[in-house]
Amino acid sequence: MCLICGWIYDEAAGAPDHGIPAGTPWADVPMNWTCPECGARKEDFEMVQI
């Protein structure tokens, strides 16, 4: 989950509109990827239990 805006990355869904195919584990998301909602960096995300 993005700590800035609350957007949640779902590994099953990925973020295909932002270059991350469905099924991509969070560990495989590139470090230079940014939140599609607010532009926060990957390091501004925190794992949350859903």
Side-chain angles (χ1 to χ4, degrees):
M1 179 179 80
C2 179
L3 297 174
I4 308 300
C5 72
W7 186 81
I8 296 176
Y9 175 75
D10 178 355
E11 291 182 345
D17 293 343
H18 298 94
I20 309 297
T24 303
W26 180 246
D28 293 343
V29 173
M31 285 305 294
N32 65 347
W33 181 81
T34 57
C35 176
E37 291 293 316
C38 71
R41 296 171 299 189
K42 183 179 176 185
E43 61 203 38
D44 293 322
F45 278 70
E46 183 175 279
M47 185 68 72
V48 293
Q49 191 116 27
I50 298 179

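Computation of the quantities below employed the complete heavy-atom set of this structure, encompassing side-chain atoms and omitting hydrogens, waters and symmetry-equivalent molecules.
- The side-chain hydrogen bond (donor to acceptor under 3.5 Å, both in side chains) contacts involving residues 9-36 comprise nothing, where partners must be two or more places apart or lie in separate chains.
- Residues Val48 and Met1 share a closest heavy-atom pair of CG2-CB, 3.8 Å.
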Does Phe45 form a side chain to side chain contact (heavy atoms under 4.5 Å, CB included) with Cys35? I'd like the steps, not just the answer. CA-CA 9 Å; Phe45 278 70; Cys35 176; 3.7 Å; yes
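- Every residue two or more places apart in sequence or in another chain that forms a side-chain hydrogen bond (donor to acceptor under 3.5 Å, both in side chains) with Glu43 is listed here: Arg41.
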